[in-house]
Amino acid sequence: MEAKDWRQEQERLERVRNKLQARIDELEPEVAGLRDQATDIRKRFWEEVTINTSTDEDFEETFYTIKQQSAVLAERERGHKLLTQQWKSMNRLLPSPYFGRIDFQEDGLDLSEQIYIGVSSFVDEDGLSFLIYDWRTPIASLYYDYSPGPASYVTPAGRMEGTMELKRQFQIQNGQIRNMFDASETIGDELLQQVLGKGADSQMKSIVATIQKEQNAIIRNDKSRMLIVQGAAGSGKTSAALQRVAYLLYKHRQTIRADQIVLFSPNSMFTSYISTVLPELGEENMQQTTFQEYLDYWLGSSLRPEDPFDQIEYVLTAQGAPGYEARLQGIEYKASEAFLRALQNYGMWLGREGMRFNGIRFRDRDLITAERMRAEFYGYDRSLPLVNRVILLQEWLLNELASLERREREAPWVQEELNYLDTEQYAEVFGMLHKEKEVFDLAEHYAAVREKINNKRREDEGDFDFARREEDLLRRRIVKESFKPLRKSVKKFSFVDVKGIYGQLFEGGAAYREKTNGAVIPPLWPEICRQTQEALLRNELFHEDATPYLYVKELIEGVRTNTEIRYVFVDEGQDYSQFQYEYLKKLFPRARMTVLGDFGQAIFMQATSLAAADSPLVRLFGETETSLVCLVRSYRSTREIVEFTKSMLPGGEEIEPFERGGSKPLLTRLDGGEKRDAQILADIAALKAEGFDSIAVITKTAAESREAHESLRIQGGEALKLITKETLGFEKGVMVIPVYLAKGVEFDAVLVYDASPEAYGRDNERKLLYTACTRAMHRLHLYTTGDWSPFLEALPANLYEKSPY
């Protein structure tokens with residue numbers, strides 16, 4: 001880069017920063033002034049309003065005064081919010097206003113335009129000249145999609161064709177240009193090298209300065225109802241998805257709010273890890289949750305659902321236990337499309353027979369029996385859908401309860417309750433009766449006037465019987481309060497025995513086939529049935545049963561839908577079952593879906609293939625509504641680590657490492673656990689001395705994590721933090737963590753605690769080891785006290801180094 005270019009760019013940068021600072025200084029008093037005005041209006045709100053409801057005119061005037069005052073307050077708060085957003089945006093820009101420049105000459109025009117790109121837009125004083133373009137503007141897509149030469153971008157008015165004459169990238173810190181590159185590629189390797197060479201952080205950062213062409217296609221896809229992203233470990237799937245959220249909020253800012261987008265994360269720690277990306281870009285965070293949190297919410301306290309981490313802990317540690325193989329078959333079958341179709345057929349069978357109800361009992365006696373409900377239910381027109389008949393039954397039950405409630409007022413127990421009422425309850429009723437007496441007397445007065453007019457006087461038989469009315473009112477209140485829980489439970493469909501209805505699916509093979517129109521069953525179905533029913537008796541649900549259970553519940557009670565949500569993002573999408581995807585589609589009927597995952601990291605048994613042509617995800621919305629993007633280049637790890645890890649996977653040769661060099665993975669064999677732990681602590685100290693401050697000791701299971709943490713602590717590893725499924729936040733430091741909780745997160749250095757065949761020997765453990773190793777950015781160490789895992793033994797010896805110990 002010539003010194004002249006460097007000087008010109010620095011001078012322009014200083015001019016832009018001066019304009020930014022001037023605008024910030026100008027906005028600050030306005031922001032503070034509007035905030036003070038809004039605060040003052042809130043404080044004096046009722047002082048400005050005179051409450052008068054004496055007449056209809058006074059009431060109307062009071063209403064419009066309040067409405068006017070509310071409108072003034074809302075306008076001040078809206079203005080304050082907009083100015084505050086501008087002020088914050090400019091403060092974000094000030095240290096590093098932009099990261100890219102393109103010179104573009106549109107076809108048919110004589111001059112090219114210099115376009116500088118940053119995290120948000122900044123316009124000159126004239127209100128027309130863009131000094132900085134937001135990275136989400138249509139023209140900014142040129143920076144990500146093209147190298148110098150013919151280029152085009154899409155606008156609402158159509159496609160704009162032209163020539164990109166220059167593409168320049170900047171690294172700016174505190175107002176100074178530190179690096180500057182003229183790039184012939186999409187995003188030059190020089191800039192990526194520097195960004196990726198940094199240490200891991202406790203929270204994910206924005207990647208807008210280094211978005212690659214294939215990531216940009218994900219971010220700006222605005223047509224597909226289903227966007228599937230199959231990406232290798234470290235390919236930037238999640239980063240691209242978060243920039244996609246920011247893009248959608250920018251492009252559709254008039255119609256979509258952040259709370260209309262929901263992201264399903266793999267765990268709470270990951271939610272914390274990504275929580276700062278959108279605020280860093282000036283956007284509010286979308287809703288974030290886990291699928292397990294959703295299950296827990298809707299199942300309530302009636303059943304205790306197993307979480308996916310307990311399920312995988314069982315799968316990885318219970319080999320050889322009684323019923324283990326049957327449980328594995330059950331997990332696989334209950335996550336399948338075949339089980340989904342079986343439950344749909346089961347719903348049709350329930351329309352003919354087999355519905356189970358909970359009788360309504362009151363004071364140790366049956367008010368309405370289950371048999372009576374069943375007779376009423378199957379007496380309805382059988383052409384009506386199951387849900388409609390359940391709603392008719394609900395209405396019938398509420399009417400029956402109203403009738404029973406009236407009859408119950410004369411029951412002996414009500415008199416007993418009357419005898420124990422306190423004085424406050426009597427006083428309350430007494431006041432109500434006085435009001436009722438006033439109304440009664442007024443009615444009598446008008447009746448008397450009418451009688452005089454018509455000369456039809458009668459004997460006075462309408463005297464207000466105060467004592468009788470008091471007792472009637474008290475009886476009514478006592479019974480109404482006692483029946484209140486019954487009415488509430490009916491409104492919540494508690495009269496439907498969902499647990500019994502789901503449980504009767506597992507009464508044996510012949511019964512199951514009859515109820516599901518001949519569904520095929522796994523070989524160990526009798527044992528699967530026994531395990532499922534025993535769990536239900538304990539009011540527990542296996543994780544694989546939780547979504548099917550809710551599905552059956554909604555076949556009966558109706559589908560819960562959320563039509564407000566417009567976009568659903570699913571991270572680690574390979575770990576969701578077909579059943580769960582069908583459920584999400586029903587839950588959010590108006591939403592477009594983005595699914596991100598890596599089948600190479602499919603460590604749960606209910607895994608769904610993302611990229612296959614026959615993937616059930618493609619069938620979810622249909623081929624014409626579905627787009628598939630495959631990311632094969634891995635950016636997280638050094639070239640040496642990627643070459644090592646991709647060789648573990650069948651088909652891993654498709655993964656391309658980014659050219660960032662480093663040390664080869666180090667394999668260390670030691671004689672005994674104590675020596676291994678001592679060496680791990682020594683290696684941690686050495687890594688920290690190199691400047692790495694995000695280090696993970698990764699184990700296979702949570703049980704092994706607890707053992708390793710305790711063993712290392714005894715040997716002097718006091719600073720190690722144990723990560724469990726209850727850990728809510730992600731922080732820098734040295735931690736011990738099971739591999740399934742480390743998914744989606746990256747560390748400067750990873751130490752695989754036990755890489756023996758006992759830990760990673762079965763074929764379904766290959767992806768666990770791959771997942772653990774791909775968390776490493778700069779250093780990867782593996783340890784064993786015996787033989788090496790067969791997945792390591794099969795690797796070419798030139799891909800790693802062996803420790804001399």
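In terms of the side chain to side chain donor-acceptor pair (under 3.5 Å) criterion, S789 has no residue partners (sequence neighbours excluded). When the side chain to side chain contact (heavy atoms under 4.5 Å, CB included) test is applied to S627, the partners found at least two apart in sequence or on another chain are N221, S224, L227. T785 pairs by the side chain to side chain donor-acceptor pair (under 3.5 Å) definition with nothing, not counting sequence neighbours. A search for side chain to side chain contact (heavy atoms under 4.5 Å, CB included) contacts involving A591 returns I565, V568, F588, not counting sequence neighbours. Every residue was checked against the side chain to side chain donor-acceptor pair (under 3.5 Å) condition with T701, not counting sequence neighbours, and none meets it. Partners of Y549 by ring-ring contact (aromatic ring centres under 6.0 Å, His included), not counting sequence neighbours, listed by chain and number: Y502. Taking the side chain to side chain contact (heavy atoms under 4.5 Å, CB included) definition, one finds that E674 meets it with Q715, sequence neighbours left out. In terms of the ring-ring contact (aromatic ring centres under 6.0 Å, His included) criterion, residue partners of Y581 (sequence neighbours excluded) are, by chain and number, Y576. Under the side chain to side chain donor-acceptor pair (under 3.5 Å) criterion, Q215 pairs with no residue, sequence neighbours left out.
K767 forms no cation-pi arrangement with Y760, by the criterion of a distance under 6.0 Å to the ring centre and an angle within 45° of the ring axis. The side-chain tip of R327 points at the ring of F542 from less than 6.0 angstrom away and within 45° of straight on.
Evaluation of the ring-ring contact (aromatic ring centres under 6.0 Å, His included) test over residues 636-655, restricted to residues two or more places apart or in two chains, returns none. Among residue pairs with one or both ends in residues 231-245, none qualify as salt bridge (charged side-chain N to carboxylate O under 4.0 Å, His left out); sequence neighbours excluded. For residues 750-765, every residue pair satisfying the salt bridge (charged side-chain N to carboxylate O under 4.0 Å, His left out) rule, not counting sequence neighbours, is listed here: K700-E765, R762-E765, D763-R766.
Electrostatic pairing of R779 and E690 counts as a salt bridge here, judged by a charged N lying under 4.0 Å from a carboxylate O. Contact check on R304 versus E540 returns a salt bridge, with a Lys/Arg side-chain nitrogen under 4.0 Å from an Asp/Glu carboxylate oxygen. Salt bridge present: E572 and K743 bring a charged side-chain N and a carboxylate O closer than 4.0 Å. Contact check on E337 versus R341 returns a salt bridge, with a Lys/Arg side-chain nitrogen under 4.0 Å from an Asp/Glu carboxylate oxygen. Here E659 pairs with R639 in a salt bridge; the nearest charged N to carboxylate O distance falls below 4.0 Å. Of the charged side-chain nitrogens involved, at least one lies within less than 4.0 Å of a carboxylate oxygen, so that D693 and K732 count as a salt-bridged pair.
D571 and T238 form a side-chain donor-acceptor contact under 3.5 Å, judged by distance and modelled atom types alone. Side-chain contact annotation: D677 with Y783, donor-acceptor N/O pair under 3.5 Å absent. Using modelled atom types and a 3.5 Å distance limit, the side chains of K334 and T532 yield a donor-acceptor pair. Neither side chain, T276 nor E280, offers a donor N or O lying under 3.5 Å from an acceptor on the other.
Under the 4.5 Å side-chain criterion, counting only non-hydrogen atoms from C-beta, L780 is in contact with V752.
Under the side-chain contact (heavy atoms from CB on, under 4.5 Å) test applied with R706, the options T724, V736, T699, L722 reduce to a single match, L722.
Within the 6.0 Å centre-distance limit, the rings of Y333 and W525 are counted as a close aromatic pair. Checked against a 6.0 Å centroid threshold, the rings of Y551 and F579 count as neighbours. Y324 and Y314 have their aromatic ring centers within a separation under 6.0 angstrom.
Using the six-membered ring where Trp is involved, F264 and F291 have ring planes that are tilted, between 30° and 60° apart.
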Requested in this report: Might you work through the ring pair (Phe, Tyr, Trp, His ring centres under 6.0 Å) test for Y740 and F309, ending with a clear yes or no?
Outcome: CA-CA 8 Å; Y740 52 78; F309 308 120; 5.7 Å; yes
